[in-house]
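To keep things clear, I will list the structure first and then write my remarks on it.
Side chains included, hydrogens not; waters and symmetry mates left out as well; all remaining heavy atoms used. A, B, ... follow the sequence lines: proteins, then strands. Residue 1 opens every chain.
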Number of protein chains: 2
Amino acid sequence: MRNLNDKPGHLARRFQQIAVAVFHAEMEQAGFDLTPVQYAALAAIAAHPGMDQATLAGTIAYDRTTITGVVDRLTQKGLVARNPSPRDRRAHQLSITDAGEKTLDQIEPAVQAAQQAMMAGLTAAEGKELMRLMRKAIAAGNELSRAPLREAVSARS
Amino acid sequence: MRNLNDKPGHLARRFQQIAVAVFHAEMEQAGFDLTPVQYAALAAIAAHPGMDQATLAGTIAYDRTTITGVVDRLTQKGLVARNPSPRDRRAHQLSITDAGEKTLDQIEPAVQAAQQAMMAGLTAAEGKELMRLMRKAIAAGNELSRAPLREAVSARS
DNA sequence: TGCTGATGATCAGTATACTTGTCAAATACG
DNA sequence: CGTATTTGACAAGTATACTGATCATCAGCA
């Protein structure tokens, strides 16, 4: 009988489920209230200030409609500012606030701890191999999800 | 700077995202409207008829509150029956209907195709190794999520 | 028997994720 | 220059997932 443990789909969900739980736990212990998505978005905005929401979505491989809500919550927490773009009146320019910058610095240890905790059962070599295999599988399937990863093209025109 | 591609948390989310998309695509192509969770629940009920919802949740590692909604939808589709348990008036006994059994048979090829498609970028050996590593990491972190996997105790002690 | 704690199910609330559709602005093209 | 297509953002609707709470019932124990 085929067990659930033989299905990559089940294993993927389960691994991600644990990863999210670990992230939340570390974040709470550090005294912050940031979800994995919110962290990824905040870090991406810090790295590419002035990007619009669609570009942000592509950079971290999230759906555009999901990003709307994420940015809403980050704005509400005062970590991100959303301003009209001078170049495209449809778009919003995203930038990180001072509070956002500070938060990003302070949670870095918790983020590192979470990434290690979710690999706790593996040796260092196994962890590396797991990441390599996931990267390879993801690269092959990138276009299959609605939210493929898109390289952030720096401003050109 | 640390790239997203070095974070197991991001890779896990991305891989799962693609896995779900692939599952949906195969399911739709086969003419069915079952989500991954609904499939897992249906298969588990078929394998252990008469189990209650809490046991089901433990068997496929889902949160109990999530299972409530999943069973609702399966019942609405006529694939699963929910009856009061004769032994515990709090509990609901779950069983698969004839339509559920038939559906389960018919979607099997699509499920297999989905499991293969999400590993398409890997060699067979790599796929096996990816599953082994995920299983190992999951085993170590099983208790960290709110919905740990629980062995379904078959009628034996 | 009465009390206490554990358990099964559900609900309320929050946050992802996705589909589909709409709207306005920008861009491409003839 | 005007139209057709694309694009950025959002709204509505569905389905996971989780936290925390409530409620009824069950089981252990004094």
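- Put simply, B:Tyr62 has a side-chain N or O that comes within less than 4.0 Å of OP1 or OP2 on D:dA17.
- Near DNA chain C, meaning a heavy atom under 4.0 Å from it, residues 25-40 of chain A has A:Thr35, A:Val37, A:Gln38 in order of number.
- Looking at residues two or more places apart in sequence or on another chain, you find a side-chain hydrogen bond (donor to acceptor under 3.5 Å, both in side chains) between A:Gln17 and A:Arg14.
- Annotation: side chain to side chain contact (heavy atoms under 4.5 Å, CB included) contacts of B:Ala113 (sequence neighbours excluded): B:Glu26.
- Checked against side-chain hydrogen bond (donor to acceptor under 3.5 Å, both in side chains), B:Asp88 has the following partners two or more places apart in sequence or in another chain: B:Arg90.
- Every residue was checked against the side-chain hydrogen bond (donor to acceptor under 3.5 Å, both in side chains) condition with B:Asn5, not counting sequence neighbours, and none meets it.
- Nearest nucleotide to the B:Gln53 side chain, out of C:dT10, C:dA17, D:dG8: C:dT10.
- Residues meeting the side chain to side chain contact (heavy atoms under 4.5 Å, CB included) test with A:Ala120, sequence neighbours left out: none.
- Applying the 4.0 Å criterion to OP1 and OP2 of C:dC18, one finds that B:Gln17 has a side-chain N or O inside that range.
- Legend: residues meeting salt bridge (Lys or Arg N to Asp or Glu O under 4.0 Å) with A:Glu28, ordered by chain and number and at least two apart, are absent.
- A donor atom on one side chain and an acceptor atom on the other are not found under 3.5 Å apart for B:Gln116 and B:Gln112.
- Under the rule for a salt bridge (Lys or Arg N to Asp or Glu O under 4.0 Å), the partners of A:Arg132 that lie at least two apart in sequence or sit in another chain are A:Glu129, B:Glu126.
- A heavy-atom distance below 4.0 Å to DNA chain C is reached by these residues of residues 66-79 of chain A, ordered by number: A:Thr66, A:Val70, A:Arg73.
- The side chain of B:Arg82 contributes an N or O atom lying less than 4.0 Å from OP1 or OP2 of C:dT10.
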If you look only at distance, which donor and acceptor atoms sit under 3.5 Å apart when one is on a side chain in residues 34-42 of chain B and the other is two or more places apart or in another chain?
| residue | atom | partner | partner atom | Å |
| --- | --- | --- | --- | --- |
| B:Thr35 | OG1 | B:Gln38 | N | 3.2 |
| B:Gln38 | OE1 | B:Lys77 | NZ | 2.8 |
| B:Tyr39 | OH | A:Lys7 | NZ | 2.9 |

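- Every residue meeting the side-chain hydrogen bond (donor to acceptor under 3.5 Å, both in side chains) condition with B:Asp72, not counting sequence neighbours, appears here in chain and number order: B:Arg82.
- The stretch residues 83-96 of chain B touches DNA chain C through B:Arg90, B:Ala91, B:His92, each having a heavy atom within less than 4.0 Å of the strand.
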